Amino acid sequence: MLPTMKCLFLYFLCTISIIFEDMSSAHPVVHRFEVTKSTHTRLCHTKSMLTVNGQFPGPTIYARRGEVVIIDVINNADQNITIHWHGVKMPRNPWSDGVNFITQCAITPGNRFRQRMILSDEEGTVFWHAHSDWSRATVHGAIIILPPKSETYPFPKPHAEVPLILGEWWNGDVQQVYENFMAEGRDAKVSDAFLMNGQPGDLYPCSSQDTYKLRVEPGKTYLIRMVNAMMNYIMYFKIHNHNFTVVGIDGAYTKPLNTEHIAITPGQSIDFLLEANQPPARYYMAARVYSRGAVYVPTTGILEYTTENYTSPSSSPPLQLPSFPVFDDWAASSHFSRNLRSLADEKHPVDVPMNITENLFFVLSINLWPCLEDSCVKSDRLLASINNISMLMPDTDILHAYYNGIKGVFQPNFPDQPPRKFNFANSELTWSQGHPQFGTAVYMLEYNSTVEIVFQGTNLGEGIDHPMHLHGYSLYVVGTGFGNFDPVKDPPNYNLVDPPLMDTVAVPRRGWTAVRFRANNPGVWYMHCHFDRHQTWGMKMVFIVMDGEHPDEKMLPPPPDMPRCQTPPLDLVFRV
């Protein structure tokens with residue numbers, strides 16, 4: 001009798017254990033993001049700045065494909081904040097997308113907001129960052145999405161994985177930089193240093209001790225998960241005497257691409273394999289600005305080999321910087337979109353829309369507008385536009401207005417074509433050709449419509465590349481080219497077989513990039529240039545994807561703790 005009872009009791013305990021294990025795995029992981037001011041020192045300058053949990057960069061979130069992650073964002077700072085999960089599609093849940101005046105209003109000091117980060121097919125590296133004013137300069141961190149436990153990577157498992165975040169440092173207060181930028185109407189003050197995992201590197205003054213070091217063992221392979229969290233710069237990255245194999249971008253795998261350098265725009269994440277296959281020594285890692293004219297000091301790190309027979313010497317000859325590609329109009333912004341390919345296999349199928357129902361042609365421009373403020377340093381201010389519309393933010397969020405049928409917040413008439421067409425790639429365009437209109441306009445999409453956007457870069461305002469980011473979706477980059485897009489000659493050359501899937505796409509200066517997606521994620525979704533100065537100037541718009549017919553094709557209801565709106569300060573709103 002006793003043995004039988006004992007067996008039944010053990011069976012009962014095992015059953016309860018399995019039930020609770022299943023229950024615990026079904027419950028989302030909860031992260032606490034406390035936004036606060038913390039003290040940090042770089043370049044011998046100590047300042048208090050906005051961070052999450054006192055960390056800079058902020059904490060890394062680890063999750064698996066398809067999971068739901070809960071983040072309690074608690075604002076214990078002295079300024080408003082929103083947090084965006086960049087590259088996460090958030091199916092049917094724009095309420096947690098975290099964009100000020102688009103999908104929510106800011107979390108004000110002393111308040112909190114529980115956000116649900118809903119993962120779907122993303123796998124690889126994306127990141128999170130603030131999406132209010134310019135606070136993302138210090139409020140950002142990586143999101144690493146692993147495959148389910150029953151699966152593995154589509155490449156040999158690396159010895160270790162290393163997040164590598166490129167960022168910036170201002171000796172002064174970033175909020176003051178932003179406010180001065182808004183008041184003066186020109187370009188913002190350039191940052192005082194570029195950073196690699198929060199450290200400037202030994203080429204900057206007072207920073208030899210602030211150099212990121214990556215220690216590797218000979219013969220091992222390392223998966224580097226790189227994020228460009230910079231505000232305004234495309235970057236080249238190289239390691240002296242080493243090549244890389246790119247295996248993913250923006251939370252999606254790619255066919256392996258061997259390359260000697262990485263070109264990465266703000267908002268992009270690139271996964272690449274690094275083989276420690278050189279003689280044991282110390283090697284410079286460096287990230288340099290992709291720039292036509294100005295010379296910027298690169299941020300550096302040190303790759304150190306460690307073996308039983310070799311340890312890094314305490315003193316050694318100066319390290320040699322890697323050589324970077326020569327600047328041209330084409331190299332950086334198109335390199336990866338032209339050479340990367342989706343895996344396009346049985347486990348990683350592609351679904352490129354073929355029969356397009358919405359053909360959009362979006363012209364990206366830098367513009368001028370007369371300045372009415374005494375604070376402007378010139379008689380006009382810099383602006384930016386899509387199809388000559390420079391977006392003005394409303395005083396309540398567009399998602400709230402759309403969901404509740406509130407009129408007067410936005411207009412559903414964003415143009416699908418520019419008001420006029422000209423030689424966009426002309427190298428002699430004048431500023432006088434670039435005066436925009438203003439509006440809070442959105443483009444309405446029927447559920448499941450198939451969309452092609454051709455982004456056309458221009459030389460207005462001397463031209464520059466534009467990293468365009470669409471929330472709520474990933475985009476198949478089906479083509480890119482230099483000059484003016486030709487609707488007859490260019491589409492036959494599209495890659496519709498295995499194009500890369502990205503959430504942030506580079507549009508070359510005086511060139512074009514074509515993307516496609518299926519509008520099957522209902523909600524309000526922001527699209528903007530990920531150069532923050534261009535976004536601030538107005539290079540942004542909104543797609544509203546309407547509900548489908550079935551319950552699982554409709555937007556979810558709002559959570560009960562959505563932040564309420566407050567009108568932005570008048571001194572941060574320019575008059576038109």
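Quantities reported herein were computed from a predicted structural model and do not represent experimental measurements.
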### Non-hydrogen side-chain atoms of W128 and P59 separated by less than 4.5 Å
yes
### Query
Distance-only, no hydrogens or angles: does the T513 side chain make a donor-acceptor pair with backbone N or O of F455 under 3.5 Å?
no
### Message
Would you say H534 and H528 are linked by a side-chain donor-acceptor pair, where the criterion is simply a distance under 3.5 Å?
### Response
no
#### Entry: Identified salt bridge (Lys or Arg N to Asp or Glu O under 4.0 Å) partner of K89 from the options D121, D503, D97
D121
### Query
So do M527 and L470 actually touch side chain to side chain, heavy atoms under 4.5 Å?
yes
#### Entry: D271-T125 side chain donor-acceptor pair, cut-off 3.5 Å
yes
### Query
Does a side chain donor of either S38 or H40 reach within less than 3.5 Å of an acceptor in the other side chain?
yes
### Task
Using the ring of W170 (Phe, Tyr or Trp, six-membered ring only), decide whether K47 places NZ or CZ under 6.0 Å from its centre and within 45 degrees of its axis.
no
#### Entry: Modelled atom types, side-chain donor and acceptor of T41 and T46, under 3.5 Å
yes
### Under 3.5 Å: donor-acceptor pair, side chain of R225, backbone of I143
no
### Message
Checking side-chain polar atoms at under 3.5 Å, does T265 have a donor or acceptor matched by the opposite partner on N228?
### Response
no
### Check: T504/H86 side-chain N/O donor and acceptor closer than 3.5 Å
yes
### Option from H469, H140, H530 for which ring pair (Phe, Tyr, Trp, His ring centres under 6.0 Å) with H84 holds
H469
